[in-house]
Amino acid sequence: VEGVGKYFREQLLQSRHRGAFELAYVGFVRLTEMLCRSGSAMLQQLPAQWLKEVLEEVKSSDPSSKLCATRRSAGIPFYIQALLSSEPKSSSCGLLKMTMRSLTALAMPSNDGETESSSVPQVHALNILRALYRDTRLGENIVPFVSEGMQAAILGFTSPVWAVRNSSTLLFSTLITRIFGVKKGKDEHSKKNRMTGREFFTRFPALYPFLLSQLQEAAATVNSDSGQVKLHPSLFLLLLVLGRLYPSPMDGSSSPLGLAPFMPLIIRCGRSAVYRTREMAARALVPFVLVTQVPSTIQALLEELPQEPGPGLQQNHIHGTLLQVLSLLRSYLADTHRPQSENEQDCDLSSALFPRLWLATRQNPCLVTRGAFLDLLGCLCGCLPVPVSESQMKKLREETLQILMASELVVPQGPDDMNLSVPGAAQYLQSLAYIAISVCVESPHLWDCPESDGFQRDLLERLLQCPQYEVRLFALEQFLRRLQKTEEECQHRGQGPLPFDLSVSSLTSLALHETYSGCQAKVLQVLAVLPLSSLLPWRDGMMSLSCLEVLEHLLTLLETSTHSVELYCAALSLTSQLVLHLAKSTPQKDLSEAAMVCLNRWGALVMQGCGEEQPAEVKLMSAEVLVKAVPTLLTAPALPLGITPTVALWKSMFTLLQDEDQDVRDGAADFTCYIPAHLHNT
């Protein structure tokens, strides 16, 4: 039996081929489980003996050792995992405790100078710890050792040796998943993968003094001067962990682990010359401010900002402070269950805001901080109740509207304003666009707009004509969102097809001339939502285009837009509406040759979209298009497309009915609802 164990040991500790040691691991797990169940005391002792031997070998870092220090320690973690996971669940986990104590001590940086060779045991320890924290069979037994592992990972970042920093990164990533759970959605910062600060420090109390002391050390190195960028190696990790926490409604009640000491340190990190650090510090600050203290903290942060332009402005400091204010305000407004604080009525942010409004105007040369201040104004001037009195809010909206109307978006002064290309220009113009959308689309009733006719229309057309595609894309997304609101709202729209003051011709013209594929897709989606009667005759500036001319343009776009699924689907949807309109409004005998060519091109594109190799979105749109075409084209007695193309489209329908994707099959099956009554016979 010892010979078998020795054979497996050689395979796992000396082999560098992943396939080889993974297969050896399976056999070795079987062997260790049998030994643990054995009636012989001598055989039962073997796993513990082998474990002590391998830990000694890892610790000694003998130059003659055959252990593999690269490839994430190759089979060593597998060997130790197999020995530990075979330990009976009912036991006191003595082997696991001994191993974890030994490995965490080894993973901590040594005081004497590290070199590539002297750090080999540390690298092995970090790699083995990572494998053990990932092992689901160890379950909750591993949780008491998470604090030590986190300390080792964060301290490993300060090592001068690359291999140690690399292994520390991998360990840190595993621990984040172990603590906060597997990522459950695309949003990195959703509450599904977060924990309250109170719960975090109650579960891992040893991390409280450690994170605090590390943050004190890191905050001391922060400098807002861009010429002297010096980052503490662990700063990102600290802010990443703290940013995963969120405020608890219980905070403020008796707790030995007060979160207050973290606050000034995180605020200081917001002054960093590194943009990403400022963003992370803003996110990390939120859980450390009690909900009842948010308004007063925002006021204190705003009062740190300069009241007038002058030499020696620290734009990094201003930007970091504004990001922290924004994060606190957004979290505060999103918290519907927040307790009403006594001082909320007394705390009026307007006194701190009005003297600093110059930061959103041309007096401030930095577009990044201008955009951040505009984001703050947009947040305050929205529909949600904020800590600003009603009379002051009216005044704030007036001032914000004046800033918007004097900005580069509305009144560009010269070619430089027309084509802003300095850093932060896109974000700045998007911040202006956000306010413009609030004024014209989202909540026009809140703003005192000038009485002049066409004010809102001019403003929205400015957005659609902006040279920066990000602004056009944002505006179109907001139009689409507004149009897709509930049917009840749509019925109370009033006279025009759009629920905001914009002529449809601006959109039809943009659809013909837009060059950026994202904006092309969005404008076509907006037009597809509108009733077709409001789009025809199609306007391009002062010209009117016939249905056939527009159809030819859209078919050409479809044939060349295969690289963008979103654009292809949007163009196919609108094209199909025009095709059905043409087939309904024109008797078959009156269809021109050009119209028949267009119909056949459309049929070929729909059939192409039904192919097995197409993305699911394209097949779903093709199914929707075919279903709508059933009464007009596929079952009409006259068969406007002719017999061969009609049969080919029916064949495509049956291809979709047999597709692997359940949603595609369901979508295609809807055609049964559109079969005319005279075909419902046996």
Side-chain angles (χ1 to χ4, degrees), residues 405 408-412 414-415 417-419 429 433 436-437 439-441 444 449-469 471-480 482-483 493-558 560-561 567 570-571 573-582 585-586 592 594-595 597-598:
M405 297 317 292
E408 291 86 344
L409 184 70
V410 182
V411 279
D417 280 7
M418 285 290 289
N419 296 300
L429 289 169
I437 290 291
V439 171
C440 304
V441 179
C449 293
E451 293 297 316
S452 58
D453 191 34
F455 165 78
Q456 292 184 349
R457 179 177 298 195
D458 291 344
L459 196 49
L460 291 178
E461 286 185 353
R462 287 273 179 200
L463 296 182
L464 295 179
Q465 290 161 13
C466 182
Q468 267 82 0
Y469 76 84
V471 175
R472 302 196 300 275
L473 185 61
F474 174 75
L476 290 164
E477 281 171 348
Q478 297 309 308
F479 295 166
L480 187 61
R482 183 74 183 83
L483 285 166
R493 263 187 197 168
Q495 302 308 307
L498 290 165
F500 38 85
D501 188 8
L502 180 69
S503 65
V504 176
S505 62
S506 303
L507 294 168
T508 53
S509 186
L510 184 67
L512 298 175
H513 301 291
E514 179 56 69
T515 52
Y516 177 67
S517 64
C519 295
Q520 277 181 322
K522 278 287 173 284
V523 73
L524 293 176
Q525 284 171 7
V526 169
L527 293 171
V529 174
L530 297 175
L532 199 60
S533 56
S534 66
L535 305 183
L536 299 174
W538 195 285
R539 306 282 303 173
D540 179 13
M542 301 306 292
M543 291 165 52
S544 273
L545 301 182
S546 68
C547 181
L548 206 56
E549 287 172 309
V550 180
L551 201 51
E552 282 177 352
H553 172 84
L554 289 173
L555 286 166
T556 307
L557 182 63
L558 260 175
T560 56
S561 67
L567 176 56
S573 174
L574 189 58
T575 308
S576 303
Q577 286 187 35
L578 290 168
V579 163
L580 297 181
H581 170 77
L582 190 68
S585 59
T586 318
S592 64
V597 168
C598 280

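Model, not experiment: these values are computed from the prediction.
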CG on Leu476 to CD on Gln520, rounded to 0.5 Å:
11.0 Å
Enter the distance from Ser505:OG to Leu535:CG here, rounded to the nearest 0.5 Å.
11.0 Å
Quick one: pull up OG in Ser546 and CG in Leu536 and give me the separation to the nearest 0.5 Å.
9.5 Å
Cys440 SG to Leu459 CG distance, which is reported to the nearest 0.5 Å
4.0 Å
Kindly say whether Leu557 contributes a backbone atom to a donor-acceptor pair with the side chain of Thr560 at under 3.5 angstrom?
yes
Side-chain donor-acceptor contact under 3.5 Å, Ser509 with Arg539
no
Residues Ser503, Ser506; criterion side-chain hydrogen bond (donor to acceptor under 3.5 Å, both in side chains); working and verdict
CA-CA 6 Å; Ser503 65; Ser506 303; 3.1 Å; yes
Would you call Arg472 and Glu514 a salt bridge, taking side-chain N to carboxylate O under 4.0 Å as the test?
yes
Taking all heavy atoms of Ala475 and all of Ile437, pick out the closest pair and write down the distance.
CA-CD1, 4.1 Å
Residue pair Leu530 / Leu483: nearest heavy atoms and the distance that separates them
CD2-CD2, 3.9 Å
Output the distance between atom CG (Leu567) and atom OH (Tyr516), rounded to the nearest 0.5 Å.
11.0 Å
From CD (Glu549) to CE (Met543), nearest 0.5 Å:
7.0 Å
